[in-house]
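Sequence positions, counted from 1, serve as the residue numbers for this chain. Indexing begins at 1, ligand by ligand and atom by atom, following the structure's order.
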Amino acid sequence: MTEEEIGHLLEKLDLRQKVRLLTGASNWRTHPEPALGLRALTFSDGPAGVRGVAWDERDTSLVLPSPSALAASWDEELVTELGGLLAEEARRKGVDVLLAPTLNLHRSPLGGRHFECFSEDPLLTGRTGAALVRGIQGGGVAATAKHFVANDAETDRLTVDVRVDERTLREVYLAPFEAAVEAGAWAVMSAYNRVNGYTMAAGPLLTEPLKGEWGFSGPVVSDWGAVRSLLDTARAAQDLAMPGPESPWADGLFAAVQQGLVPVARIDDKVRRLLRLADRVGALGERPVARRPLAAVAADGRGLLRRAVAAGTVLLRNEGGLLPLDPARLRSVAVIGPHATAVRIQGGGSAEVFPASVVPPLAGITAALDGSAEVTYVPGLPPDGRPRPLDRSWTRDPRDGEPGVLVRLLDADGTELHAEHRLSGRIVEPARLPGAETVEIRALIRPDRDGDWTLAVGGWGPVTLSVAGRTVLNGTFPLDSDDPTRVHVAPPYRSVRVGLTAGTEVEVVARRGLAPGTGVATVLAAAPPPGDPAAELAAAVAAARDADAAVVVVGTTEESESEGRDRDSLALPDGQDALVRAVARANPRTVVILNAGAPVTLPWRAEVPALLLAWFPGQEAGDGLADVLFGHTEPGGRLPTTWAAAREDVPVLRTRPEENSLVYAEGPYVGYRAWLRSGATPAYWFGHGLGYTTWSYDALEAPDRVGAGEPFDVRIRLRNTGTRRGREVVQLYLSEPEPSQAEPSQAESSGPEPSKAGSSGPEPVDPSARRLVGYTAVVAEPGEEVVAVVRVDGRAPARWSTERHRWEWTPGNYALYGGRSAGDLPLGGTITLSVTPPRSPGPTTESALH
Ligand code: BGC
């Protein structure tokens with residue numbers, strides 16, 4: 001639709017109709033406007049799958065590896081393909097706008113949503129995010145770049161004021177959003193937090209640079225509930241308040257415009273942007289949407305997910321070439337660790353979706369060996385004592401006897417208004433019925449062991465729990481948070497110990513009063529009695545000793561990695577460190593698989609020969625990991641984030657605000673840039689990851705000179721020195737300049753006059769400072785030599801001047817480093833940046849490369 005046509009549509013609406021469009025009609029939908037042929041737009045989270053409008057375990061979705069794993073692939077083609085799969089899922093579920101990608105950064109490893117963000121580096125984040133945007137939107141579904149901006153931690157996220165200087169914002173935190181807008185993102189979500197005093201839903205950054213300088217033409221959608229006031233948000237470049245139907249805009253915007261407090265032109269611009277979005281996703285008029293054919297993806301979504309597991313898995317260590325394991329030489333494998341069966345496929349919070357099936361590592365390994373070797377499984381640890389929602393494996397619905405639970409809604413007299421069979425004891429959104437005052441979850445449970453079980457009920461407000469007709473818990477739990485995740489998705493549990501007998505079925509009933517303002521979730525959960533840690537460990541050691549190889553799967557818990565809170569520890573919980581150590585001592589052929597969305601400390605890493613980082617690998621976890629373990633596929637991952645050896649070494653750690661401010665005092669020195677500056681050595685550098693072959697880095701060729709703003713190519717020659725075909729991610733880093741005093745800085749043409757270099761611009765050169773400016777992947781056969789051509793964007797050497805509010809290029813010599821991680825850069829070169837582009841193409845020694 002042309003702008004003119006959209007203008008005509010706008011003219012058909014009166015003020016009341018316009019204002020109505022600017023607040024959601026419900027949690028996930030906007031209002032339709034029949035006068036325009038506009039249907040309601042449907043939104044959904046994102047980003048590891050498409051949940052759809054229901055928070056219901058029966059409404060399943062394909063679950064992708066978490067975003068950190070996607071970034072670890074350093075493979076934009078694959079990410080675009082996965083974006084296509086998300087689009088396909090969105091269309092299957094009637095979703096127009098996917099609330100993804102999350103483009104905040106891994107600033108601190110303690111960040112609770114680390115798994116949901118791509119990387120610590122703005123370039124890798126931006127390129128991966130842009131690739132996902134292209135994939136999603138290629139399928140006719142809108143992507144939403146979120147959370148704009150500086151929502152890099154969860155503590156007090158609704159109110160925290162992030163204090164960050166302009167240069168850092170531009171170069172680091174805004175850069176991925178700029179890349180997403182450049183890739184054509186149709187929507188942007190404003191964050192909950194404040195930046196430099198402004199709440200983001202009313203912040204000036206929505207105007208500049210987002211809509212002005214970057215030319216973003218779609219709507220800014222609020223994070224859920226982030227429009228908390230009327231005039232400041234309405235006057236700002238915030239366009240849509242979600243969810244609805246209640247919002248300060250729904251209540252007061254019409255009157256505010258009538259009173260002249262908000263200009264009509266502001267409202268028109270908001271509606272115009274919403275109509276553009278509607279047109280793009282095919283919700284306006286009868287026009288079909290141009291969509292890329294997705295047949296290949298649709299036919300084999302699970303195959304693509306399996307491939308993605310291997311592509312994002314990072315081989316951190318492989319002493320003596322233990323991996324890949326040769327199935328022909330294995331008679332027995334011991335698989336150890338609770339995560340080998342209860343694998344964590346995704347992180348918690350709004351990103352969560354419900355898989356139709358999950359392949360745990362044990363199942364993947366067993367299937368891959370197909371009876372050729374004996375597979376033994378030992379948990380190695382007793383149950384951790386944390387109650388988990390009841391699941392179908394040991395519960396029955398008392399009414400129909402089917403595996404699962406019975407959920408009922410009762411009125412004030414206890415009369416049943418509604419009853420349904422559910423598959424899980426976690427009911428996030430019960431059916432909404434007038435007159436319903438209580439939600440009840442009822443199940444017959446059959447314990448598999450004697451002892452004191454922990455039974456728990458989750459949810460705010462009045463709750464009770466009864467076992468075999470006896471009330472064992474009764475209380476009221478007052479809401480202590482405004483955070484939507486804590487209120488609606490992950491309420492706290494209250495628990496009680498109850499003695500149960502193995503094999504004897506007993507009825508448990510949880511009830512929660514649906515008092516106003518107490519959120520929607522109710523949970524009935526349980527944990528088995530504590531076991532004997534020494535006996536479990538001994539069993540694991542014995543199994544490892546008797547096997548040809550041991551695979552230990554360890555990881556983080558639901559409690560530690562979730563939206564709505566940050567982590568407080570980097571250690572693996574529950575004695576998993578001791579388990580790894582004991583197994584590695586018992587079997588020299590031990591492979592450790594890490595199932596975590598964010599860095600954990602690995603104090604035993606030098607004691608195990610092979611270490612794979614699988615992240616949260618999505619539903620095809622086990623098959624994808626088995627492909628890697630047995631060498632059907634190379635582990636494709638390279639770290640998108642530096643991993644610390646010890647918590648005290650982490651240069652940027654703090655996520656807790658002080659007096660409501662979180663100061664980004666490190667400036668642009670985030671991630672490996674902070675590590676380089678601090679002089680500390682991490683366990684594994686950003687970019688690190690081994691494949692199944694080896695490489696020699698032989699030569700780096702760059703143009704001698706480039707002009708300011710000119711893109712250039714750096715050619716890196718390398719050779720596959722191993723015995724199998726491999727893929728290598730070739731990375732290029734650039735130093736800070738050594739300015740030549742003779743030449744002035746070059747400013748972006750639109751900016752004010754260039755300044756003299758050295759006058760007030762460049763800071764002193766820090767010899768350790770370097771940052772990623774380009775990367776590409778190459779594939780080579782054994783012995784084959786290849787040239788990786790790494791394209792460097794013309795803006796890469798520029799620096800944002802906070803003083804003059806523009807990009808500036810400092811002329812001078814820049815060191816280039818080529819290699820395989822921020823800490824392993826065997827090749828070097830120099831490039832001279834001049835203010836004027838060179839007359840002829842820069843002299844490269846290209847011929848020497850062929
Ligand atoms: C999260 C967003 C999410 C939204 C809707 C918010 O709490 O921060 O990422 O898209 O909820 O679920």
Side-chain angles (χ1 to χ4, degrees), residues 23-30 41-56 59 61 66-67 86 90 93 95-105 111-118 129 132 136 141-160 162 176-177 180 185-194 199-201 219-228 238 240-244 247 346-354 428-429 481-491 519-521 561-566 597 655:
T23 290
S26 66
N27 209 7
W28 303 110
R29 292 207 167 93
T30 56
L41 293 176
T42 302
F43 292 69
S44 168
D45 288 303
V50 183
R51 193 171 55 246
V53 294
W55 194 294
D56 187 322
D59 187 358
S61 312
S66 294
L86 287 173
K93 295 198 160 209
V95 168
D96 302 297
V97 185
L98 187 64
L99 302 173
T102 303
L103 297 177
N104 304 113
L105 292 191
R113 275 178 112 166
H114 202 281
F115 64 88
E116 202 185 314
C117 307
F118 291 119
L132 199 72
I136 296 168
V141 173
T144 310
K146 71 184 188 184
H147 312 84
F148 188 85
V149 62
N151 182 185
D152 309 292
E154 294 296 283
T155 309
D156 299 341
R157 65 176 172 155
L158 303 191
T159 51
V160 61
V162 173
F177 288 94
W186 290 340
V188 167
M189 181 190 281
S190 55
Y192 287 123
N193 52 285
R194 294 169 180 268
T199 189
M200 278 313 301
V220 174
V221 180
S222 70
D223 200 344
W224 262 228
V227 168
R228 283 161 294 198
Q238 175 68 47
L240 177 64
M242 286 299 287
S247 92
Q346 58 184 329
S350 60
E352 201 182 325
V353 293
F354 301 98
V428 174
E429 271 181 338
S481 171
D482 291 337
D483 192 300
T485 298
R486 190 159 164 77
V487 176
H488 299 294
V489 181
V520 289
E561 287 194 70
S562 176
E563 178 182 339
R565 58 180 180 269
D566 293 314
T655 59

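- Contact detail for Pro243 and Ser26: the closest heavy-atom pair is CB-O, 3.6 Å.
- A salt bridge links Lys93 with Asp59: the distance from a Lys NZ or Arg NE/NH1/NH2 to an Asp or Glu carboxylate oxygen falls below 4.0 Å.
- For residues 46-55, the salt bridge (Lys or Arg N to Asp or Glu O under 4.0 Å) pairs, not counting sequence neighbours, are Asp45-Arg51.
- Every residue was checked against the salt bridge (Lys or Arg N to Asp or Glu O under 4.0 Å) condition with Arg194, not counting sequence neighbours, and none meets it.
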Where does ligand 1 get N/O contacts under 3.5 Å from the protein, atom by atom?
| unit_1 | atom_1 | unit_2 | atom_2 | d |
| --- | --- | --- | --- | --- |
| ligand 1 | 7 (O) | Tyr192 | OH | 2.9 |
| ligand 1 | 7 (O) | Glu563 | OE2 | 3.0 |
| ligand 1 | 8 (O) | Arg113 | NH1 | 2.9 |
| ligand 1 | 8 (O) | Arg157 | NH1 | 3.1 |
| ligand 1 | 8 (O) | Asp223 | OD1 | 3.4 |
| ligand 1 | 8 (O) | Asp223 | OD2 | 2.7 |
| ligand 1 | 8 (O) | Glu563 | OE2 | 3.4 |
| ligand 1 | 9 (O) | Arg113 | NH2 | 2.7 |
| ligand 1 | 9 (O) | Lys146 | NZ | 2.9 |
| ligand 1 | 9 (O) | His147 | NE2 | 2.6 |
| ligand 1 | 10 (O) | Asp45 | OD1 | 2.6 |
| ligand 1 | 10 (O) | Lys146 | NZ | 3.1 |
| ligand 1 | 12 (O) | Asp45 | OD2 | 2.5 |

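- Checked against side-chain contact (heavy atoms from CB on, under 4.5 Å), Pro484 has the following partners two or more places apart in sequence or in another chain: Arg157, Leu158, Tyr192, His488.
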Determine, step by step, whether Ser350 and Arg113 satisfy the side chain to side chain donor-acceptor pair (under 3.5 Å) criterion, reporting the C-alpha distance in whole Å, the side-chain angles of both residues, the deciding distance to 0.1 Å, and the verdict. CA-CA 10 Å; Ser350 60; Arg113 275 178 112 166; 3.3 Å; yes

